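These notes concern the structure reproduced below.
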Amino acid sequence: MAKRFWLMKSDPETYGLRHLKKEKGQTTYWDGVRNYQARNFMRDDMRVGDGVLFYHSQQDPPAVVATCKITRAGYPDPSQFDKRSKYFDPKSSKESPRWYVVDLTLDRELARPLGLPEIKETPGLEDMMVARKGSRLSIQPVTAEEWKIVLALGRRKRKSS
DNA sequence: GCCAACGTTGGC
DNA sequence: GCCAACGTTGGC
């Protein structure tokens, strides 16, 4: 299957690039997703080697800050079974887990954050889901074309005027 | 901090 | 199965 591309959102105060950089092997599992559409992407569609745009929400401006790679495909989210976790789900069971995670490894930090306003005004990126009003989905598919444009923009510092 | 968008829950 | 109430996300 062809390599796919994704965008994954996180509030940098809760879990941001600075956290990911400190992880062993700069790898983490993406726990806590409790939305079925996002769950389905992780469980059914994401494959090892897929590219991920790491996006910081809840900051000004929100921005893509790094690229990552999927290093393990979907498996049950351990936090759903942990009574002490805020992600504990009493309705889930090990026999039929409700929530899934993938493993994510940092690929490279962008030379500069690519902010949401710039995404919205860049030709070729205006149809990205993240650019649309009211788009709350925390995992979104990205096209190969969009991926290329984002990387080209994030690869170098913005020209100063 | 506000609030629009939108997903989920639960009574009927 | 409808839909009002409610809770959360996330840009601004």
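Being a predicted model, the structure only gives us computed values, none of them experimental. Here is the naming used below: chain letters follow the sequence lines, and residue numbers restart at 1 for every chain.
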Whole-Å distance between [N] [atom2] and [X] [atom1]?
X: A/His56; N: C/dT9; atom1: NE2; atom2: P; result: 17 Å
X: A/Gln140; N: B/dG7; atom1: CD; atom2: P; result: 12 Å
X: A/Asp89; N: B/dT9; atom1: CG; atom2: C1'; result: 14 Å
X: A/Arg34; N: B/dT8; atom1: CZ; atom2: C1'; result: 15 Å
X: A/Tyr87; N: C/dT8; atom1: OH; atom2: P; result: 12 Å
X: A/Asp60; N: B/dG1; atom1: CG; atom2: P; result: 16 Å
X: A/Glu13; N: C/dG10; atom1: CD; atom2: P; result: 14 Å
X: A/Trp99; N: B/dG7; atom1: CH2; atom2: P; result: 13 Å

Of the options [options], whose atoms approach the side-chain atoms of [X] most closely?
X: A/Lys120; options: C/dG10, C/dT8, C/dC12; value: C/dC12
X: A/Tyr36; options: C/dG10, C/dG11, B/dT8; value: B/dT8
X: A/Lys91; options: B/dT9, B/dG7, C/dG11; value: B/dT9

Would A/Thr105 and A/Gln26 count as a side-chain hydrogen bond (donor to acceptor under 3.5 Å, both in side chains) here? Give the steps. CA-CA 6 Å; A/Thr105 301; A/Gln26 300 189 322; over 6 Å; no
A/Ser57: side-chain contact (heavy atoms from CB on, under 4.5 Å) partners, not counting sequence neighbours: A/Asp11, A/Tyr55
Using a strict cut-off of less than 4.0 Å between a Lys/Arg side-chain nitrogen and an Asp/Glu carboxylate oxygen, indicate whether A/Glu109 and A/Arg18 qualify as a salt bridge. no
Is the closest basic N to carboxylate O distance between A/Lys69 and A/Asp50 below 4.0 Å? no
Report yes or no: is the cationic atom of A/Arg39 (NZ for Lys, CZ for Arg) under 6.0 Å from the centre of the six-membered ring of A/Phe41, at an angle within 45° of the ring normal? no
Residue-phosphate contact under 4.0 Å: [X] side-chain N/O, [N] OP1/OP2:
X: A/Tyr55; N: C/dT9; answer: no
X: A/Lys9; N: C/dG10; answer: yes
X: A/Lys133; N: B/dA5; answer: yes

